[in-house]
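Step one of this worksheet: look at the structure below.
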Amino acid sequence: MFCLSDNAIQSIFCCCCSVQKSTRQVRTQTNLKNDGNSSEEYTWCPKPLSYASTRKNRSNRGCVHSSKRKPLPPLPQGEDHGEKIRVMALYDFLPRESRNLALKRAEEYLILEKYNPHWWKARDQTGKEGLIPSNYVTEYKPTNLEIYEWYHKNITRNQAEDLLRQQSKEGAFIVRDSRRLGAYTISVYSRRRRNDEMPIKHYQIKSHDSGQCYVSERHLFPSIPELIRYHQHNAAGLITRLRYPVGSMGNCLPATAGFSYEKWEIGQSELTFIKEVGKGQFGVVHLGKWRSHILVAIKTINEGTMSEDDFIEEAQVMMKLSHSRLVQLYGVCTQQQPLYIVTEFMENGSLLHYLRERQGRLNKGMLLSMCQDVCEGMEYLESNSFIHRDLAARNCLVSSTCIIKISDFGMTRYVLDDEYISSSGSKFPVKWSAPEVFHFNKYSSKSDVWSFGVLMWEVFTEGKMPFAKESNLQVMEAVSKGFRLYRPYLAPMTVYEVMYSCWHEKPVGRPTFAELTQALTDIAETG
Ligand code: ADP
Ligand code: MG
């Protein structure tokens, strides 16, 4: 099959052969059938992607709540709840200081005051009051799907399939957000399929003209919980009835925005060092514990490597960035030298290392899901007008449940090393940088989008070095002339189109992260 197009064309920069260049604004021809290694040999012309502007209002909860939920007890009678919000705890929360209130999963609380988006004052049913992390609770009303154990808000198709496969139980199911805003999908495990078929089936919950919802048109329901309840007892068109709601794997507590409200200074005595896990730009990174119970990463900042005062000021802003796809900054330890930065600990280390270690063992669905995780975290940074400036696989980390989170956002601003800061320096990440960055130092969310395209390329090559054989200077010249990275053979054309769209020479020509999230979800759902 051949594709003809009149779009602005950039040649593909091929690592395995010498640099090639094609004329722009020309008609090119691509053999789309050729899906293997030989893709590197072709000049390819990307279709402009049509992005629906459908930013999803995603929650920041990456982990899902566990099963065996108790029925909700009634609120105490005769109390004036006024405008106060009733919430239900999704996780247990142990108080960390006297101001905190303990939370017990599935119990109900009243929110008295929202101190900031992340820490709220709440009252429990015995009348005790205190501060709680807002991402540990959800509004308690029947229309809020988050109160149901089968609902997983923030999960990719691939992660849903993994979760169900781990259960391998006939009729195990979850409900998740669909790629269409406000729509939902039921994912269900059943072995009653032909051998070559996946044991997991995905059903869209559709809306009827009457406003009711359905999976099978003969059975309409006023709400999703009612639909699920019905199909828990009757297959009625599904491959099996929905037998087992699958919650989270239990012990996965999300990180909080700091250890408590406005607590960003951490005392050295609160930290225990366990072992060294890596070495970075500023110094050694340790696995450690905060107050002997929360696992943390402790980054040592060697003297003279960072403009410390500027960072300490900014740390208070960065701590308020809180999302399930960002490595959470918990606080800083500044009362002594060297300074320490304390963050969420990520059991599986850097994404780059993770990819290289598992070469040949990661399927395309997993690779796409990794890109979706990063894209979602970047969408959050973009919506907060926060620029990463050094997005790359080496700056993403992998959790114990293999979720990818973005790390080191904004940190390059505090590096004291000319080799790293200056675009002609040997450590400057030229190969991840947009042309306006290496020419004019002009950073924006759109320059992050360029780097995201390169990160997608790293993911789909299972951790190869982009432009491996070229020097930084050669890459700057070639990229300025229009050369781009080739299609990794694990990347289907649809995926390559998305990464390629990130490399438009002009920032305005690149998609936003919100649009990229949508494009990647579409591919994950439809292939
Ligand atoms: P730099 O300051 O140069 O960006 P990194 O943040 O990349 O340093 O840290 C160096 C290495 O330390 C990483 O590649 C990773 O292996 C390990 N590391 C850093 N942060 C964490 C973390 N939060 N959890 C687990 N390992 C980490
Ligand atoms: Mg790093």
Side-chain angles (χ1 to χ4, degrees), residues 96-97 255-322 326-354 381 386-400 405-422 425-429 432 443:
R96 294 164 181 175
E97 52 171 16
T256 53
F259 288 125
S260 190
Y261 175 64
E262 305 238 303
K263 176 178 167 51
W264 55 274
E265 175 69 42
I266 294 171
Q268 196 175 6
S269 60
E270 297 177 281
L271 297 172
T272 358
F273 290 75
I274 299 175
K275 66 170 182 188
E276 197 177 310
V277 289
K279 194 163 170 7
Q281 179 70 28
F282 303 111
V284 170
V285 183
H286 279 90
L287 159 66
K289 276 193 176 169
W290 179 75
R291 293 205 190 151
S292 329
H293 71 283
I294 297 185
L295 280 185
V296 291
I298 307 167
K299 269 189 171 185
T300 306
I301 309 301
N302 292 336
E303 268 188 273
T305 59
M306 175 190 265
S307 44
E308 295 182 356
D309 292 347
D310 292 347
F311 168 72
I312 292 168
E313 211 182 304
E314 172 74 356
Q316 294 166 54
V317 176
M318 286 161 76
M319 269 179 58
K320 291 186 181 138
L321 294 170
S322 188
L326 296 189
V327 176
Q328 181 66 49
L329 173 62
Y330 283 135
V332 281
C333 191
T334 64
Q335 299 306 306
Q336 77 300 305
Q337 278 293 346
L339 193 118
Y340 298 127
I341 298 178
V342 181
T343 69
E344 180 179 3
F345 179 70
M346 300 288 285
E347 284 78 354
N348 277 308
S350 93
L351 173 60
L352 186 60
H353 178 75
Y354 186 85
L381 288 185
F386 194 98
I387 307 169
H388 190 299
R389 291 163 194 256
D390 195 9
L391 182 61
R394 63 182 174 278
N395 283 333
C396 294
L397 297 165
V398 187
S399 77
S400 57
K405 303 193 187 195
I406 302 160
S407 171
D408 296 334
F409 31 95
M411 289 305 287
T412 56
R413 292 170 296 169
Y414 310 106
V415 175
L416 293 177
D417 180 349
D418 281 343
E419 289 302 314
Y420 193 87
I421 308 163
S422 154
S426 61
K427 295 185 196 160
F428 190 88
W432 284 261
Y443 290 91

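For the numbers below, each heavy atom of this structure counts, side chains included, while hydrogens, waters and symmetry mates do not.
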Quick one: ring pair (Phe, Tyr, Trp, His ring centres under 6.0 Å) partners of F259, sequence neighbours excluded?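 Ring pair (Phe, Tyr, Trp, His ring centres under 6.0 Å) list for F259, sorted by chain: W290, Y330.
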So, using ring pair (Phe, Tyr, Trp, His ring centres under 6.0 Å) as the criterion, who are the partners of Y340 when residues are at least two apart?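 Once residues adjacent in sequence are excluded, the partners of Y340 under the ring pair (Phe, Tyr, Trp, His ring centres under 6.0 Å) criterion are F273.
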With sequence neighbours excluded, tell me which residues meet side chain to side chain donor-acceptor pair (under 3.5 Å) with [X].
X: T272; result: none
X: K427; result: D417
X: T412; result: none
X: S407; result: none

Knowing that exactly one of V398, I406, N395 qualifies, which makes a side chain to side chain contact (heavy atoms under 4.5 Å, CB included) with L351?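 Only one of V398, I406, N395 forms a side chain to side chain contact (heavy atoms under 4.5 Å, CB included) with L351, namely V398.
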Taking salt bridge (Lys or Arg N to Asp or Glu O under 4.0 Å) as the test, write out the residues that go with R394, two or more places apart. D390
Check: [Y] and [X] side chains under 4.5 Å, non-hydrogen atoms:
X: T256; Y: R96; value: yes
X: C396; Y: L391; value: yes
X: Y354; Y: L397; value: no
X: I274; Y: K289; value: yes

Using a distance-only test with no angle check, is there a side-chain donor-acceptor pair under 3.5 angstrom linking S322 and Q328?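 Per modelled atom types, S322 and Q328 side chains form a pair under 3.5 Å.
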Say you draw a straight line from [atom1] of [X] to [atom2] of [Y]; how long is it, rounded to the nearest 0.5 Å?
X: I298; Y: I266; atom1: CD1; atom2: CD1; result: 8.5 Å
X: M319; Y: T343; atom1: CE; atom2: OG1; result: 12.0 Å
X: Q268; Y: C333; atom1: CD; atom2: SG; result: 5.0 Å
X: L329; Y: K320; atom1: CG; atom2: NZ; result: 11.5 Å

Of all pairs that satisfy salt bridge (charged side-chain N to carboxylate O under 4.0 Å, His left out), the ones with a partner from residues 341-350, not counting sequence neighbours: E344-K405
Any salt bridge (charged side-chain N to carboxylate O under 4.0 Å, His left out) involving residues 265-283? Give me the pairs, sequence neighbours left out, ordered by first then second residue. K263-E270, E270-R291
Pairs flagged by side-chain hydrogen bond (donor to acceptor under 3.5 Å, both in side chains) wherever residues 294-303 is involved - sequence neighbours left out: K299-D408
Apply side-chain contact (heavy atoms from CB on, under 4.5 Å) to the pair F345 and V277, showing each step before the final yes or no. CA-CA 10 Å; F345 179 70; V277 289; 4.2 Å; yes
Which atom pairs, one a donor and one an acceptor, fall under 3.5 Å between side chains of residues 306-315 and the rest of the protein, sequence neighbours left out?
unit_1	atom_1	unit_2	atom_2	d
E308	OE1	Q337	NE2	3.0
E314	OE2	R413	NH2	3.0

